[in-house]
Structure formats: C-alpha cells, structure tokens
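Single-structure report; data block below.
Only a predicted model underlies this, so the values are computations on that prediction, with no experimental measurement involved. Chain naming here is simple, since letters A, B, ... match the order of the sequence lines and numbering starts at 1 in each. Heavy atoms only: backbone and side chains are in, while hydrogens, waters and symmetry mates are out.
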Amino acid sequence: MFVNEFIKKNHAIISKYLKEKYSLDIDVKIDKATIPQWDFYSSIAMQLSKKLKRAPIDITMELSKLSFYGTGAVEAVKPGFLNFRVSKELLLKNLNGFSFSTDKKINKRVNIEFISANPTGPMNVVSGRAATFGLALSRLFQYDGWDVDKEYYINNAGNQVNIFANSIYKAYREKVKGEKVEFSEDEYKGEYIYDIAEHFKDKIAELGDEEEIINFLKKKAVTLIIDDNKKMLSGFGLDFDIWFSESSLYEKGYDKDVLLHLKEKDLLYEKDGALFVKNTELGDTQDWVLRKGTGEYTYFFGDIMYHLDKFRRGYDKAINIWGPDHQGSAKRLKILLENAFDIPRDFLEIIILQQVNLLKDGEKLKVSKRLGNFITLEEILEKVGTDVSRFYFLSRGYKQHVDFSLDTIEKENENSAVFYIQYMFARINGVLIKGNFDNKVEKLNKLGENERNMAFKLFIFPLLMSEALRKREPSMVIHTLNELAGDFHHFYHDNKIIGSNDEEHLINFIKIIGNFIKNSLNLLGFNAPERM
RNA sequence: ACGCCCAUGGCUCAGCUGGAUAGAGCAACGGACUUCUAAUCCGUAGGUCGCAGGUUCGAAUCCUGCUGGGCGUGCCA
C-alpha cells in the first residue's frame, strides 16, 4: 500500500537528516492534514524549536528543502508546519494498482460474540444494533487478515428457559383452555407467547402431564425461537459461524473442571448454602456467587466456563459485544480469567455497545422482553428494510446512546444518507449501461483536478481501515464513504461523461471508483444496487 | 456513595494517542431538470464545542473539579 510507503519513507528522510545534522533521535510524526489544501503535515519543527533554540518556521524552511518521496508539493508555513501534497503520479499508481482484496492473512484467529441473549423471544431493535455493529466489526478484522468466527451464545441452561416454558403453558391454559391464570412479575407475557402456545396447542393437549409439557416446551419452544432468530438474522444479512449453546458446557463437564480448578486455587467458600468465589482476593470489590442456594448456577459461572472454552478453542483473541447493562459482569469476569486461569489480559476484550432508547411520542419507553412491549427487528425491516436500519445504527459511534422510534426510522427512510452513497454507485452503473461499456478496467494515465479528492480518499483508505479497526469503530468508514459520495456527486454534476473528449479516461476512472464503493458498501454489510 | 459512558449550530451526528479557518446531513431560505437517474448540485443563514480551572508555542481533543443525562454496583439475566 502506497500510503504506508509514503509515510514511512518521508518519516525516514526527516529522521535521518535530523540525526546526521543535529544528532537528534526523535520520533517524527507525519499526520493527515486538517486543511483541504494539503494532504499530510508534520509539526516536528515546533517541537524542535526549544531544543534548537530557533524559530520553528526557520527549521521548517530548512526541512522543506529535503527531497521527499512521492510529493507533488512541499510547503513551509507559519508557525511551523511542514505540509505535503502527494504527487499525482503516486495517486495514479495507487489507483491503477488498487485492489480491494481481503486475501491478506496474518494467521490469527478472533472470535467475535454478539447479540447473545436468552432464547426466549424474538429479535428486537437492540439486537439489530448489535447485529449491525458485530458484523461490521468482524469485517474490519477480516480485512486486516484475521480469521474471524462470529458466534452467538445461546443462554439455554439458565432459569429463564424454565420461566419461558411455564409462561407458554400458562398462556395455553388461558387462551386454549379458557382458564383464569395469573402471570407473575418475572414471567413472559408478550403476544408472541400466546402465538407459541397456539402453535403447540395440539402437542400440549396430547401430552397432558404438566411436567412433560414443560420439558417439551423447554426444548421445542426454544428451538422454535432460535430457528426464528436465525431466519431473521439471515434476512438481515448476518449468518453466524457458530451457535454456541450454554448447555453444551455442562454436557462437556466444564462445571466440574472449573469448580475443581478454583478449589485447588483455594478460591471457593460456601456461605448460607451458596457457593462463592473469592474475587476480592484477586483485586475485585466483592466476592460473587457461582451457585445459588437453590443449587442453580449463576450466569457468572456460565460465563467463566464459556470463556475458558473459547480460550481452549485456540483463539488469539475473543471479543464480546455486550450491552451497557452487563458492564458490571465484565470486570469480575476479566479479573477471574486473568488471575485464576492465567488467561492473558488482552485475550478477552469486552466492548460495551451503548443502549438503544425506545421512544414513543417523544417519551422514553420502558421496555422489557417479559412485558413483550419491545419493537422487533421484523417490524423495522418491514417498515424500512435492512440498508436503512443498518445505516441508522452504524453511522454513530458505539459509545453513543441511540434513540429509536418507529417514527424516526420512517423519516430516515425518506432521506437516509445510505441512499446518498448507494446512489453514487447507481449513477456510475447508469453511465456504464447507457454507454454500453464493459467492466474491464484499463490503466489510467492521468488524473483530473476534480478527481483528485476521490483518488486521495482511496490512497489513504488503508490508514482509515486500520484506524477504524484499532478504535473498533466501523462508523468511521461510513463517514468517509459519505464524503466520497459527496465528492462524486459534485464531480458527476460538473462532468458530462459520455461523449466528452475525455470519455475513455472518465469511464475508466468511474469504473475504479465504482468498484471501490461497491466493495466498501458490501464490506460493511450494505447492498450496492445497480439501479435505484 | 462508588464505577463506566455521554454532553459540539434548531434536530441527528463527525472531528478526540493536541495543530492551521470546528465539518456533514436534516430542517429553514434562495437558485439549477429539452442533459449519463434532481434519491443530485450550487448558494444563504445558523457555533462563547455543558461550566470553571490547569498543562503548552498551540486545547473541542489531554488533566482536575463541577453541572446535567444514561447505565451499572443482586443467591436478576
């Protein structure tokens, strides 16, 4: 990638000069310029000013006389910036050699787990945000050469599944049998519970015995939900590589392993009938329950087994994308894994994806799966389709709280910026179709002034991608694509392509840009429609 | 009380391992379709970057304190 070469070589040129002339061993930074006239800059002179006891502008002037790599122009300007403009030749070279390949392999495996919830209800808006973010993040890792497994953890071993099954049975008794039943606070009473009861009513009637019915529902209703979720997510453009079920951990005997290990480390004790782990000894603020007085294991215990399993599966890294309501679990889990199981500190990374606030008539809505008053992913997709909803979630940083209502997303459908970007590709295709051009990309041998902004964005694309990956922030890519689309629409407006004196060149140029935007959109999980 | 996150034009957000005039989109106003799709383009207006200090050549960006909002601190999940 030429951009790295550009930075590295010029960095070396300045460093070498400073070392030879002034015996200074200093880290020279070359950054992307913040003003549009220039591409890169270094503020090294201002840092050297004190050391050399000279005005920064003098030093900059001196440095500007060096011969740099790949620059079209170099400027020394007050108070002491050294500005660079990348040469057209280098930009051209980059365009001609541009490939959007994800063939790069760095021989590292990462497991990215997201959405993961109790299999007791349909996919909702919050899952939609997690799905969008998780997919985009895994694509960034892939682009960087990682082997990525996207994983969905099914919490099917806990008490919620019991409650879920019981709720369905109650719904059955109420709806089908006409009995009067009371739902307790922690039971599920959404409409979909009644639908499931309806769905299984024949089988339930056939079984008759309550215990058998509950056992049946625990299995079948959960499977029903999971299949439904799978289908839903697939329609959303997301296919997980691994669906990992919590119950498999117990089947593998991990519970015994973990307990034995902790016991050997003398990290367990019983109190009031419950089993505690001594997290305080490991630097936590309190100890935590692993097994309740009822004999059931806590989620925390499940998480320990689960992440130990991930580690044993040989990943170099595991990333969890969790909601803010789980932030408390993150700390205690990491402390225990690192100190009691010797799992390296940077193995597990927990990203807290901020919450989605549901609004109705401008008021915040208190939602819960138990009350069944959430907005499902299905509803959203019916209203606005995948691209718009995806874009809505992905265009803001993961730390941002997102307000969501069916009204706002409908408004989004009228003027979502995703269309602005997609329209760029559609326009390019329109030209190619209209002019009957093939897909073959020929070598460009020049670069017009209007094309330069776009060429430069492609030039620094590798920087952007590594930055976005480092920050775990796919939204950065979206913002750049948006800017690129702006450049293009401007260019398109100013240039009549077909029939122009420069037709061959312009066609070639838009082919390259078109391929780029299509690949970028696809990378983040968006469609690139040829017509709109 | 403690911990995590957030605060940037009317609205939604960029910009944050310090840099040169704080950028987009929506909404408002004024223009541009006999043209390769106007889902577009051009122009106007709109900001004491929550407040107060500090660090320095330079702070929206880093540090401290405060204010306001969200979440967390369960033998809930």
CG of D284(A) versus P of C4(B): gap in Å, rounded? 14 Å

Using the purine O4'-C1'-N9-C4 or pyrimidine O4'-C1'-N1-C2 torsion, is C66(B) syn (within 90° of 0) or anti? anti

With a 3.5 Å cut-off and heavy atoms only, can you find an N or O donor on one side and an acceptor on the other between the side chain of Q47(A) and the base of U56(B)? no

Any side-chain N or O of Y153(A) below 4.0 angstrom from OP1/OP2 of A77(B)? no

F488(A) ring centre to R427(A) NZ or CZ under 6.0 Å, with the angle to the axis within 45°? no

When you measure from the side-chain N and O atoms of K434(A) to the phosphate of U35(B), is any distance below 4.0 Å, counting only OP1 and OP2? no

Closest listed nucleotide, where the reference is the side chain of H490(A) and the choices are U37(B), C41(B), U73(B): C41(B)

To the nearest angstrom, how far is H401(A) atom NE2 from A7(B) atom P? 9 Å

Dot-bracket, RNA chain B: Watson-Crick or G-U, under 3.5 angstrom, [ ] crossing, | other strand? (((((((..((((.....[...)))).(((((.......))))).....(((((..]....))))))))))))....

Taking the six-membered ring for Trp, does H326(A) stack with A77(B) (centroid gap under 5.5 Å, planes within less than 30°)? yes

Any N/O pairs under 3.5 Å between the protein and nucleotides 16-18 of chain B? List them or say none.
unit_1, atom_1, unit_2, atom_2, d
C16(B), OP2, K471(A), NZ, 3.4

Would you please classify the geometry between the F6(A) ring and the F40(A) ring as parallel, tilted or perpendicular, with 30° and 60° separating the classes? tilted

Can you see if the side chain of Y392(A) gets near the phosphate of U12(B) - specifically, an N or O under 4.0 Å from OP1 or OP2? no

By nearest-nucleotide position on RNA chain B, the 5'-leaning member of D494(A) and N83(A) is N83(A)

Please figure out whether A417(A) or Q355(A) has its closest RNA chain B nucleotide nearer the 5' end. A417(A)

Between U37(B), C36(B), A14(B), spot the one nearest the side chain of R531(A), thanks. U37(B)

Taking atom C1' in both A20(B) and A60(B), compute the distance separating them and give it to the nearest angstrom. 15 Å

